[in-house]
Amino acid sequence: MNATLLASFPESNIFRIDHYLGKEPVQNLLYFRFANSFLEPVWNRNFVNSVQITMAEKFGVAGRGKFYEEVGAIRDVVQNHLLEVVSLLAMEPPLSASGESLRDEKVKVLKAIKPLAPKDVVRGQFVGYRQEDGVAKDSHVETFAALRLGIDSWRWSGVPFYVRAGKSLPVTATEVVVEMRRPPARVFGDASPEQPNYLRFRLSPDTAIALGAHAKKPGPAMQGRDVELFVDQRDPDEAEAYERLIGAALIGDTTLFARQDEVEAAWAVVDPVLSVDSVPFEYTQGTWGPKESDDVIKGDCSWHNPGADAHSWTRSCGPVNLSKFAP
């Protein structure tokens with residue numbers, strides 16, 4: 001397909017539409033990163049412990065069983081949507097806001113990601129998927145995938161990027177959580193809050209940015225509490241993704257479109273595991289996927305589970321009790 005297109009059109013005249021790139025909160029990831037100077041000193045392996053990206057969908061295949069049999073979760077949303085989010089989070093500052101400068105930096109990130117190995121991926125399939133119309137009775141297609149990515153770059157070496165996507169999960173929500181390293185010393189001993197600092201981007205269905213921090217509990221003792229500084233970014237007049245993409249294509253703006261080498265680099269990341277015909281782990285609809293997906297994450301805590309609204313979330317290693325940031 002690409003060869004046919006390039007035989008007739010230059011790359012600058014080809015607009016490969018991924019509606020995710022047209023979403024306002026996804027564009028805001030890029031803007032927020034490079035428009036705020038306070039992030040740059042800490043946006044690297046010295047301060048970031050891990051990055052999690054979750055795209056959860058409460059619904060199943062919604063009558064598209066035949067289509068899903070041909071793609072599965074990794075092809076459907078990981079190779080395109082979620083690797084785009086990874087590249088926006090991990091890219092270096094572009095030379096300018098031009099489409100080519102932005103795409104140059106995203107390609108560098110994707111080429112630095114180690115190709116996935118089977119040990120880096122847990123695939124799941126919700127109970128009942130094989131009864132969907134158009135689905136094989138012995139289908140091995142995944143409706144859930146959890147991945148651990150490594151980026152071989154000066155900035156991100158050693159920082160795991162965890163990516164998870166699935167159907168028939170408890171909520172429909174997409175969130176990014178950048179977890180920071182803990183302070184080198186616990187000045188206040190056991191009274192210090194246990195939740196590490198983090199930056200949370202709520203991408204859908206509502207939009208928000210939140211910063212997880214610690215503050216002192218009122219009272220005589222030096223005891224802390226976890227708090228969240230929260231910015232609600234909902235805009236009722238926000239343009240639809242396709243509306244924005246079509247408008248950009250009409251004026252020749254390539255910023256929101258994937259270049260050929262970018263697409264090929266993304267496929268190179270996931271391709272090694274696409275041909276592995278392993279039986280996916282089963283999970284019950286309405287849960288957070290198979291329990292084996294917890295094995296993808298290293299450390300004491302596991303997945304950050306988005307809540308039904310932007311103010312709520314849970315984690316596998318225990319409850320989260322966030323106080324409103326108020327005197």
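If you're wondering where the values come from, they're calculated on a predicted model, not measured in any experiment.
Atom CG of residue Leu21 and atom CG of residue Leu256 lie 6.5 Å apart, to the nearest 0.5 angstrom. A distance of 11.0 Å separates CG in Leu169 from NZ in Lys58, rounded to the nearest 0.5 Å.
Heavy-atom contacts from other residues, nucleotides or ligands closer than 6.0 Å to CG of Asn46 number more than 12. Within 6.0 Å of CG on Leu95 lie no more than 12 heavy atoms contributed by other residues, nucleotides or ligands.
For the residue pair Glu179 and Tyr198, the shortest heavy atom distance occurs at CA-CB, 4.1 Å.
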- Message: Assess the residue pair Ser278 and Arg123 against the criterion (side-chain hydrogen bond (donor to acceptor under 3.5 Å, both in side chains)); give the C-alpha distance rounded to whole Å, side-chain angles, the decisive distance to 0.1 Å, and a yes or no.
- Response: CA-CA 8 Å; Ser278 59; Arg123 299 165 61 246; 2.9 Å; yes
- Residues Lys167, Phe144; criterion side chain to side chain contact (heavy atoms under 4.5 Å, CB included); working and verdict: CA-CA 6 Å; Lys167 301 281 190 183; Phe144 172 97; over 6 Å; no
- Can you check side chain to side chain contact (heavy atoms under 4.5 Å, CB included) on Leu89 and Trp43, steps first, answer last? CA-CA 9 Å; Leu89 290 166; Trp43 207 254; 4.1 Å; yes
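With 3.5 Å as the limit, one finds no donor-acceptor pair spanning the side chains of Tyr283 and Glu292. Between the side chains of Glu69 and Tyr129, at least one donor N or O sits under 3.5 Å from an acceptor N or O. Arg16 and Asn80 are not linked by any side-chain donor-acceptor pair at a separation below 3.5 angstrom, with hydrogens and angles left out of the test.
Hydrophobic clustering places Phe67 together with Val61 (ILVMFWY residues linked when any side-chain heavy atoms are closer than 4.5 Å, directly or through intermediates).
Checked options Val51, Leu110, Ile151, Val78; the residue passing with Val86 is Ile151 (criterion: side chain to side chain contact (heavy atoms under 4.5 Å, CB included)).
Between the side chain of Arg202 and the backbone N or O of Pro306, no donor-acceptor pair lies under 3.5 Å. No donor-acceptor distance shorter than 3.5 angstrom exists from the side chain of Ser101 to the backbone of Pro94, with no hydrogens or angles considered. Between the side chain of Asp271 and the backbone N or O of Ala268, no donor-acceptor pair lies under 3.5 Å.
Aromatic ring pairs are classed by plane angle as parallel below 30°, tilted from 30° to 60° and perpendicular above 60°; the pair Phe161 and Trp156 is perpendicular.
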